[in-house]
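Please read the structure below before turning to the comments.
These figures come from a predicted structure and were not determined experimentally.
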Amino acid sequence: MGILLYLRNTADDIHHKICVYKWKFIISVLSCLLGFALGIALFYAFRYGWWYFNRTTFADKIMQAGFDVVIYFVVTSLFAYLGFALCGLIKGTHYLRLVVSCIICFYCGACVVALFTISVMWGILYLLFIALADLAFCAVACFCCICEKAVCRTFRESLCDQTQTAAIIIAWTVYKLLAFFVVIKILTCLI
């Protein structure tokens, strides 16, 4: 029961921050959308190059859905959290968190297009259940980081100051794993 109360309080806190810092939230969302669009554009720009084959090979691994997907989701979330934490160390790097969210969404956009290239059904399911949630969670995590004060910290202080971001990223990872293995896998078996 305590975890549900914590999640509700965290959601209320994020809602109040969005009401107060609307422009920071809009900038975070635009950063994520820009990264997503760049991932799609560069996938098509380098058609039949290294990037194209790298992403289609990865999309094929996702479709086969082995343990690699779990590792990918967990490692991506860990890198996102560490990227947000590292950008919070120095005052001058505070807004580089937008670049971190842009890079995360860049890979998400390229992965969606690669899945559409291999299988339209997988592309639609991945877009609806994983990619749109990735954009939303990444925008909210970036927004929560940007709302912190831009001060110089040690690495430990930066990690401790981002408990709200950690909660968002953990919820993001759990959602992705459940959506992928419970919803998408069952739907692909039924179709």
Side-chain angles (χ1 to χ4, degrees), residues 3 6-43 55 58 69 71-113 126-180:
I3 188 83
Y6 175 76
L7 290 175
R8 195 189 89 193
N9 288 340
T10 302
D12 287 343
D13 189 32
I14 292 170
H15 180 263
H16 292 298
K17 281 183 182 178
I18 290 173
C19 291
V20 172
Y21 302 110
K22 291 177 184 114
W23 287 107
K24 287 183 181 182
F25 182 69
I26 291 171
I27 290 170
S28 298
V29 170
L30 289 176
S31 169
C32 290
L33 291 175
L34 176 70
F36 194 76
L38 281 175
I40 293 170
L42 288 180
F43 182 82
R55 292 294 93 198
F58 180 72
V69 175
I71 293 172
Y72 166 71
F73 287 160
V74 171
V75 168
T76 302
S77 299
L78 180 65
F79 279 140
Y81 183 65
L82 287 176
F84 288 139
L86 288 174
C87 289
L89 293 178
I90 303 170
K91 269 178 136 174
T93 60
H94 184 71
Y95 284 101
L96 282 180
R97 292 169 174 170
L98 294 169
V99 175
V100 171
S101 68
C102 188
I103 290 170
I104 294 166
C105 293
F106 171 80
Y107 277 98
C108 180
C111 183
V112 168
V113 174
Y126 193 85
L127 177 69
L128 291 177
F129 292 106
I130 305 285
L132 293 176
D134 275 353
L135 290 172
F137 277 111
C138 192
V140 171
C142 179
F143 169 71
C144 288
C145 288
I146 288 175
C147 285
E148 293 177 11
K149 287 191 170 243
V151 295
C152 294
R153 302 175 172 94
T154 63
F155 184 69
R156 183 178 174 277
E157 289 172 344
S158 181
L159 288 177
C160 291
D161 287 344
Q162 296 187 19
T163 56
Q164 204 170 53
T165 304
I168 292 167
I169 289 177
I170 290 169
W172 177 14
T173 307
V174 169
Y175 170 80
K176 281 178 15 178
L177 289 171
L178 288 175
F180 188 80

Closest non-hydrogen atom pair between [X] and [Y], with its separation:
X      : Y      : answer
Ala179 : Phe129 : CB-O, 4.0 Å
Ile14  : Cys144 : CG1-SG, 3.8 Å
Ala131 : Phe36  : CB-CE1, 4.3 Å

task = Scan Val140, Leu98, Leu135 and name whichever one has a side chain to side chain contact (heavy atoms under 4.5 Å, CB included) with Cys32.
result = Leu135

query = Among Ser31, Cys147, Ser28, Cys105, which one satisfies side chain to side chain contact (heavy atoms under 4.5 Å, CB included) with Cys142?
reply = Ser28

With rounding to the nearest 0.5 angstrom, report the [atom1] to [atom2] distance, [X] to [Y].
X      : Y      : atom1 : atom2 : value
Phe25  : Leu30  : CZ    : CG    : 10.0 Å
Leu42  : Phe106 : CG    : CZ    : 4.5 Å
Leu86  : Arg97  : CG    : CZ    : 9.5 Å
Leu82  : Leu159 : CG    : CG    : 7.0 Å
Phe84  : Ile168 : CZ    : CD1   : 9.0 Å
Asp134 : Tyr107 : CG    : OH    : 14.5 Å

query = Can you say whether the rings of Phe137 and Trp172 are parallel (under 30°), tilted (30 to 60°) or perpendicular (over 60°)?
reply = parallel

Are there more than 12 heavy atoms of other residues, nucleotides or ligands under 6.0 Å from atom [atom1] of [X]?
X      : atom1 : result
Leu178 : CG    : yes
Tyr21  : OH    : no
Tyr72  : OH    : yes

query = Are Ile40 and Val112 side-chain neighbours, meaning at least one heavy-atom pair lies under 4.5 Å?
reply = no

Quick check: does any side chain N or O of [X] sit under 3.5 Å from a backbone N or O of [Y], one acting as donor and the other as acceptor?
X      : Y      : result
Tyr81  : Ile170 : no
Thr154 : Glu157 : yes
Ser158 : Ala85  : yes

inquiry  = What verdict does the side chain to side chain contact (heavy atoms under 4.5 Å, CB included) test give for Val100 and Leu96, after you've listed the backbone C-alpha separation in whole Å, the side-chain angles of each residue and the deciding distance to 0.1 Å?
reply    = CA-CA 7 Å; Val100 171; Leu96 282 180; 5.8 Å; no

key: Qualifying side-chain hydrogen bond (donor to acceptor under 3.5 Å, both in side chains) pairs with a residue from residues 160-171, counting only residues at least two apart or across chains   = Asp13-Gln164, Lys17-Gln164, Arg153-Asp161

